[in-house]
Amino acid sequence: MAFLVSNTMTSPALMVLLCCFLLIANGAHQSEACYGTNQKLQSLQVSAPANQPYLTSYHFRPPQNWINDPNGPMHYKGVYHLFYQYNPLGPLFGDKMIWAHSVSYDLINWIHLSHALCPSGPYDINSCWSGSVTILPGDKPFILYTGIDASGQQVQNLAMPENLSDPLLKDWVKFSGNPVMTPPNGVKDDMFRDPTTAWQAPDGRWRVVVGGQIDNEGMAFVYWSWDFIHWTKLDHPLYSVQETGMWECPDFFPVSINGTIGVDTSVLNPGVKHVLKTSLFSDKHDYYVLGTYDPQMDIFSPDTDFHGNSNDLRYDYGKFYASKTFFDSAKNRRVLWAWANESDSTQDDIDKGWSGVQTVPRAIWLDKSGKQLVQWPVEEIETLRGKQVSIHDKELGSGSIVEVSGITASQVDVEIDFELPELEEAELFDPAWVDPQQLCNDKNASIQGRFGPFGLLILATEDLTEKTAIFFRIFKGQNKYVVLMCSDHSRSSLKEDLDKTTYGAFVDIDPHHGKVSLRSLVDHSIVESFAARGKTCITTRVYPKVAVENEAHLFAFNNGTQSVVISSLNAWNMNQARLSEEESFKL
Ligand code: DQQ
């Protein structure tokens, strides 16, 4: 434990921390416990079958079994780390969840390491659930995670690298004094989880948020600490909202008011606003609110009320949950990861031998309007682009369909700019249409409008019996035009027993300026779509029966009565990311 001895901190608080480090040195040697468990579990595994049309090529996942939430992403000494919830026993969620660990130099190609945290002590013997990493001064990363203890209650635990000079941070030790937080009075044992990355307020104390619920009021509990070991709960939550139920995986971070540059989690100055994100257990969506953080009162005041319904802002209006951001100091950006669960049946997951993928990492920043966030796949994803095809200045008359040929449509990155004509004749928007998902459901891709539906048909068969339609409709509202983005899965597969929910969201742009853009990242069974350069995002899981591998086609279409023009379309075949298996997955 060289880093303990080399610590030169002098203030009283930091001396306490040093003493605690020494205590930690007496903690369990976690990597050994993990390794032993892992070896045993691996022998029970059945390998994923060879025929895998839905296996992704450039989205992150291990070779087999169940994954869910991203945990503790960080950039540390030139290496990106991603931990994630993993069930080493099989393709469904398990009752001994662990933190698996992978590393990367570019956020695209990953090496799977041995598992970081496995159930081992009374404070986490029933699972190591989600949590975050905080890098303390002196380059010391600490994990705070939820343990399910011997009596089934949710407690918060600490762990740290065994050897700070190992850039891959392969081995982790747990604090001998765990747990460091137990469910507060009045909070049920199973409603207290998922600590955030901590931040240090100007008074020098660390703050961390833990998700929870009291009665049906969802909330972000705040704890503070001088030494990162002893945590005291504040009387009031950072923020809470009645009737929203359990808040899972909260995230709390600053964003620059001007520009796309990301800032570290403790940054607090007039140049930033704060984002509070919560993953609502009730509907499995990630909602966020923008607002102001008061470090004296430790209160978050949102700019707009939050209700946890279709009026609220979401990172993504499709399958996207338990997300987490980190500050990437290498590129001064904030990066967002999320779990995209399957939409197939449990039996399908058992047959596939795996379940769940991570979305591509996205840079995230505050929109110029100050009213919403914007996301865009990290630029590194473009290094996977191969053969390119383009279409320019192509008019799409009413009912037209144009194939984007010459690419592998099951593994593609496509960007399309539509040029719009004069919108005076647009259909009137009914103010009663408050739920965009419902509107997309009622007006699916086969229902003709005036301006729209127009967009892309993805993972489609040549005869269009299978297709996933990602499209826009434009309406004329009272004072402005309204742009609707939809992802229609009603014809996505000839297979039954799939969740084919249609997704939808409004795009806050003024189409009167003549353009609307769409980018879709297609990777066999996942499609991530970004409208208007990342203002509205929809992620979907799709399982065509026929339109797989080389049988998949990509089309642009217009089913509105009015023409639109493809001013530019570029599509690139995507190469496979390298996901190498280290020993832990081969055993
Ligand atoms: N998943 C974890 C929990 C978290 C939930 C367990 C969110 O910590 O609340 O795998 O998906």
Side-chain angles (χ1 to χ4, degrees), residues 61-62 65-73 82-101 115-119 123-133 143-149 152-159 178-183 187-197 208-213 218-221 244-252 276-288 308 314-316 318-325 336-343 349 354-359 539 541:
R61 61 156 289 107
N65 295 334
W66 166 279
I67 69 165
N68 54 298
D69 318 351
N71 291 153
L82 178 65
F83 306 86
Y84 54 97
Q85 289 285 284
Y86 179 65
N87 177 13
L89 274 177
L92 306 179
F93 188 72
D95 55 11
K96 294 274 183 222
M97 295 298 291
I98 71 161
W99 277 46
H101 183 196
H115 305 321
L117 302 174
C118 295
Y123 48 83
D124 68 2
I125 197 66
N126 283 313
S127 272
C128 299
W129 276 14
S130 288
S132 307
V133 166
I143 288 175
L144 257 174
Y145 71 99
T146 298
I148 309 299
D149 77 4
Q153 75 173 348
Q154 297 173 355
V155 298
Q156 315 313 325
N157 300 318
L158 268 176
N178 280 336
V180 294
M181 296 172 209
T182 54
V187 176
K188 288 191 180 152
D189 285 356
D190 61 348
M191 291 185 177
F192 179 61
R193 56 183 180 267
D194 308 334
T196 60
T197 294
V208 75
V209 156
V210 179
Q213 165 188 354
M219 57 188 70
F221 300 115
T244 50
M246 179 66 198
W247 286 14
E248 296 189 306
C249 299
D251 198 7
F252 187 60
L276 177 63
K277 184 277 298 187
T278 172
S279 302
L280 284 196
F281 180 73
S282 57
D283 65 6
K284 290 276 189 280
H285 294 319
D286 278 14
Y287 293 91
Y288 70 89
R314 282 166 49 185
Y315 283 160
D316 190 294
K319 205 116 199 180
F320 186 98
Y321 193 62
S323 62
K324 192 174 294 295
T325 62
L336 170 71
W337 283 100
W339 163 44
N341 195 5
E342 303 299 311
S343 296
D349 293 342
W354 60 271
S355 180
V357 297
Q358 301 295 340
T359 56
T539 297
R541 300 302 309 275

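Whatever order the structure lists them in is the order used to number ligands and atoms, beginning at 1. Only heavy atoms go into these numbers, but all of them, side chains included; no hydrogens, no water, no symmetry mates. Nothing here was measured: the structure is a model prediction, and the numbers come from that model. The residues of the chain are indexed from 1 along the displayed sequence.
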Problem - Within-shell test, D69 vs ligand 1, heavy atom, strictly < 4.0 Å - result: yes
Completion exercise
Tested for side chain to side chain contact (heavy atoms under 4.5 Å, CB included) against W339, the lone hit among D286, N68, V357 is N68
Exercise for the section: Please indicate whether any nitrogen or oxygen in W339 is less than 3.5 Å from any nitrogen or oxygen in ligand 1. Expected result: no
Completion exercise
Ranked by distance from atom 10 (O) of ligand 1, the top protein heavy atom is Q85 OE1, 2.6 Å
Handout entry: S279: which of E248, H285, M246 passes side chain to side chain contact (heavy atoms under 4.5 Å, CB included)
Key = E248
Practice task
For the residue pair N65 and Y86, confirm or rule out a side-chain donor-acceptor distance under 3.5 Å.
Solution key: yes
Handout entry: Exercise: do N71 and S130 side chains pair donor with acceptor under 3.5 Å
Key = yes
Handout entry: Within reach of ligand 1, part of Y321 (heavy-atom separation under 4.0 Å)
Key = side chain
Problem - Interfacing atoms of ligand 1 (cut-off 4.0 Å, heavy-atom, S130) - result: 2 (C), 8 (O)
Practice task
Scan T146, D124, D149 and name whichever one has a side chain to side chain contact (heavy atoms under 4.5 Å, CB included) with N157.
Solution key: D124
Fill in the blank from the handout: closest protein heavy atom to atom 9 (O) of ligand 1 is D194 OD2, 2.6 Å
Exercise for the section: Answer yes or no: are there more than 12 heavy-atom neighbours, outside F281 itself, under 6.0 Å from its atom CZ? Expected result: no
Fill in the blank from the handout: For W129, the ligand 1 atoms with a heavy-atom partner under 4.0 Å come out as 3 (C), 6 (C), 8 (O)
Exercise for the section: Check each heavy atom of T146 against ligand 1 and say whether those closer than 4.0 Å belong to the side chain, the backbone, both or neither. Expected result: neither
